Amino acid sequence: MINNQRFTPRITGLGAYLPEKILSNSDLEAMVETTDDWIVSRTGMKERRIAHAEEFTSDMGAKAALIALEKAGVLATDVDLIICATLTPDYTFPSTAALLQKELGAINAAAFDVQAACSGFIYGLSIAKAYVTSGIYKNILLVASEKLSSIVNYKDRNTCVLFGDGACAALIANEGPGLVVGETSLGADGEQASLLMLPAGGARHPASLETVEKEMHFIFMDGKETFKHAVRRMEAAAKEVLEKSGLKEAEISWLIPHQANIRIIDAMAKRFSVPDERVYKTVHKYGNTSASSIGIALFDLMNEGVVNKGEHLLLVAFGAGLTWGATILTATEE
Ligand code: UT7
């Protein structure tokens with residue numbers, strides 16, 4: 001641990017993990033009253049990944065984390081803090097971050113979870129940024145992992161077509177080449193909490209025969225209302241972070257929005273001058289993987305090798321809470 005200095009946080013290693021099993025639109029056609037046409041036209045999704053029964057959020061997170069650590073050239077024992085962003089933790093407690101700490105052998109790391117739903121990766125990045133900038137920690141492992149299939153009702157066509165499983169990880173350090181974590185803008189609106197939630201399983205409605213019979217352990221979403229807030233909030237967060245950074249829209253090379261729906265992505269992107277081919281999309285192949293969606297997209301984009309040094313990336317998230325956030329990453333010259 002190091003103290004009393006200010007450092008520039010940067011992502012020096014990225015990882016992602018997607019389960020092998022594919023759930024296609026035609027699979028869903030056999031499960032609920034839906035069509036490939038409806039799903040593609042209303043969401044842009046063609047398939048999503050589903051973890052196997054014995055594969056949990058911590059397992060997927062650990063796989064993504066190992067890749068990120070290797071890319072960063074950092075040993076698990078050199079990690080100071082593990083932050084796990086998830087709304088599908090292995091347990092309510094202990095944290096999934098603590099399970100990851102054990103799984104990775106990161107014996108010197110503190111560990112906690114962040115619950116900001118689909119905005120979890122951006123919230124987690126902002127926390128990592130604060131710790132690294134202040135000099136409190138040097139190496140932070142941010143993991144976002146979701147086993148959404150564990151809380152999706154596969155009899156409810158309104159939600160079951162939307163979600164997929166997957167994980168991403170980022171090693172945020174105080175030195176080395178990578179993506180510098182710039183300004184961040186976060187927000188929340190608890191007034192709208194009931195739009196998107198898991199109604200039971202918490203202290204308000206502990207698991208009981210009644211909660212099971214009423215199917216309260218599955219995702220509930222008012223899709224139409226959520227959609228409107230998503231576009232508005234993501235646009236505002238993106239504009240706010242640009243202003244804070246002193247960047248113009250034209251200086252953004254890549255836009256990586258949360259992958260909830262192609263229509264949300266397109267509606268948001270239309271409000272910016274980023275050309276369509278610079279708006280990164282994975283929604284067609286992975287669906288909505290909640291907290292992990294932006295990190296998985298970032299991992300895929302960086303692996304394409306198309307991001308040049310000095311380019312700015314704009315990441316924008318939105319999710320239950322409601323929560324939202326945006327951050328700027330800049331590819332370092334080093
Ligand atoms: O990640 C966190 C944030 N999440 C989001 O931002 C998601 C936001 N919401 C959405 O993406 C969209 O609202 C949905 C994709 C969930 C729904 O699209 P929509 O265009 O808003 O459809 P809708 O809810 O207005 O439903 C239109 C119709 C309804 O039928 P009626 O009542 O008009 O007869 C639905 O029952 O489509 C029906 N429907 C379906 N039909 C075929 C809903 N789901 C399906 C389905 N297949 N899977």
Side-chain angles (χ1 to χ4, degrees), residues 16-57 60 64 87-88 117-118 144-168 195-198 215 217-228 230-231 234 255-270 276-277 279-301 303-304 317-320:
Y17 171 79
L18 280 309
E20 263 173 46
K21 187 180 166 196
I22 292 174
L23 181 67
S24 68
N25 288 355
S26 63
D27 294 331
L28 286 159
E29 283 176 342
M31 294 160 70
V32 288
E33 203 182 323
T34 192
T35 60
D36 175 55
D37 259 9
W38 191 95
I39 303 172
V40 173
S41 64
R42 305 312 291 161
T43 72
M45 295 170 191
K46 293 182 178 153
E47 53 187 48
R48 59 295 289 147
R49 302 298 180 95
I50 303 294
H52 63 74
E54 294 305 313
E55 186 176 42
F56 304 108
T57 299
M60 293 188 284
L87 58 75
T88 48
C118 303
S145 182
E146 300 285 15
K147 186 173 181 177
L148 293 166
S149 59
S150 67
I151 55 165
V152 164
N153 181 354
Y154 285 99
K155 290 183 192 144
D156 175 14
R157 69 175 184 175
N158 291 294
T159 51
C160 74
V161 303
L162 303 173
F163 299 101
D165 300 334
C168 67
L195 288 183
L196 180 49
M197 60 159 44
L198 190 70
E215 302 192 326
H217 296 276
F218 293 124
I219 294 178
F220 167 82
M221 179 169 72
D222 178 339
K224 247 189 184 12
E225 266 314 294
T226 306
F227 190 111
K228 287 185 219 156
V231 177
M234 285 167 81
L255 176 62
I256 308 181
H258 172 48
Q259 309 283 316
N261 186 320
I262 194 72
R263 292 186 293 134
I264 296 177
I265 295 172
D266 289 346
M268 207 221 120
K270 245 192 343 205
D276 188 55
E277 65 276 12
V279 181
Y280 202 74
K281 296 162 201 166
T282 59
V283 66
H284 56 290
K285 51 181 181 175
Y286 304 142
N288 181 349
T289 59
S290 190
S292 62
S293 91
I294 290 180
I296 291 171
L298 180 63
F299 175 79
D300 279 6
L301 171 64
N303 275 352
E304 284 185 23
F318 173 82

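By convention here, the first residue in the shown sequence is residue 1. Keep in mind that the numbers below use all heavy atoms, side chains included, and drop hydrogens, waters and symmetry copies. The shown structure was predicted, so the numbers you read here are calculated from the model rather than taken from an experiment.
Under the side-chain hydrogen bond (donor to acceptor under 3.5 Å, both in side chains) criterion, the residue pairs touching residues 39-48 are N25-R48, with sequence neighbours excluded.
With sequence neighbours excluded, the residues that form a side-chain hydrogen bond (donor to acceptor under 3.5 Å, both in side chains) with D300 are K285, Y286. Under the rule for a side chain to side chain contact (heavy atoms under 4.5 Å, CB included), the partners of K281 that lie at least two apart in sequence or sit in another chain are Q259, I262, I265, D266, D276, V279.
Between F318 and V231, every side-chain heavy-atom pair lies at or beyond the 4.5 Å cut-off. Taking the side chain as every heavy atom from C-beta outward, L28 and C160 approach each other to under 4.5 Å. Side-chain atoms of K21 and H52, non-hydrogen and from C-beta on, never get closer than 4.5 Å to each other. With contacts defined as side-chain heavy-atom distances shorter than 4.5 Å, the pair Y154/S149 qualifies.
The two atoms that bring L148 and D165 nearest to each other are N-OD1, 2.7 Å, heavy atoms only. The nearest pair of heavy atoms linking P19 to E55 is CB-OE1, 3.8 Å. When all heavy atoms of A144 and A291 are compared, the closest pair comes out as CB-O, 3.5 Å. Between S290 and A117, the shortest heavy-atom contact is OG-C, 3.7 Å. Of all heavy-atom pairs spanning G166 and M60, the tightest one is N-SD, 4.1 Å. Taking each heavy atom of A317 and H258 in turn, the nearest pair found is CA-CB, 4.0 Å.
More than 12 heavy-atom neighbours from other residues, nucleotides or ligands sit within 6.0 angstrom of CD on E304. Heavy-atom neighbours of E277 CD from other residues, nucleotides or ligands within 6.0 Å: above the threshold of 12.
For the residue pair E146 and T88, a side-chain donor N or O sits within less than 3.5 Å of a side-chain acceptor on the partner.
Side-chain N or O atoms of R157 include one that pairs as donor or acceptor with a backbone N or O of E33 at under 3.5 Å. For the pair T226 (side chain) and D222 (backbone), a donor-acceptor distance under 3.5 Å is present. Distance alone, capped at 3.5 Å, is enough to place a donor-acceptor pair between the E29 side chain and the D36 backbone. The main-chain N or O of T57 is found under 3.5 Å from a side-chain atom of S145 such that the two form a donor-acceptor pair.
With values rounded to the nearest 0.5 angstrom, M268 atom CE is found 5.0 Å from L255 atom CG. Rounding to the nearest 0.5 Å gives a distance of 9.5 Å between CZ of F220 and CG of N158. Interatomic distance, E20 CD to R49 CZ, rounded to the nearest 0.5 Å: 8.0 Å. Taken to the nearest 0.5 Å, the CG atom of L87 stands 8.5 Å off from the CG atom of L198. The distance from atom OH of Y17 to atom OG of S292, rounded to the nearest 0.5 Å, is 12.5 Å. Interatomic distance, CD1 of I219 versus CG of L162, reported as 8.5 Å (0.5 Å rounding).
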Could you walk me through whether N288 and N261 pass the side chain to side chain contact (heavy atoms under 4.5 Å, CB included) test, one step at a time? CA-CA 7 Å; N288 181 349; N261 186 320; over 6 Å; no
I would like to know whether I151 and H217 meet side chain to side chain contact (heavy atoms under 4.5 Å, CB included); could you show each step before the answer? CA-CA 6 Å; I151 55 165; H217 296 276; over 6 Å; no
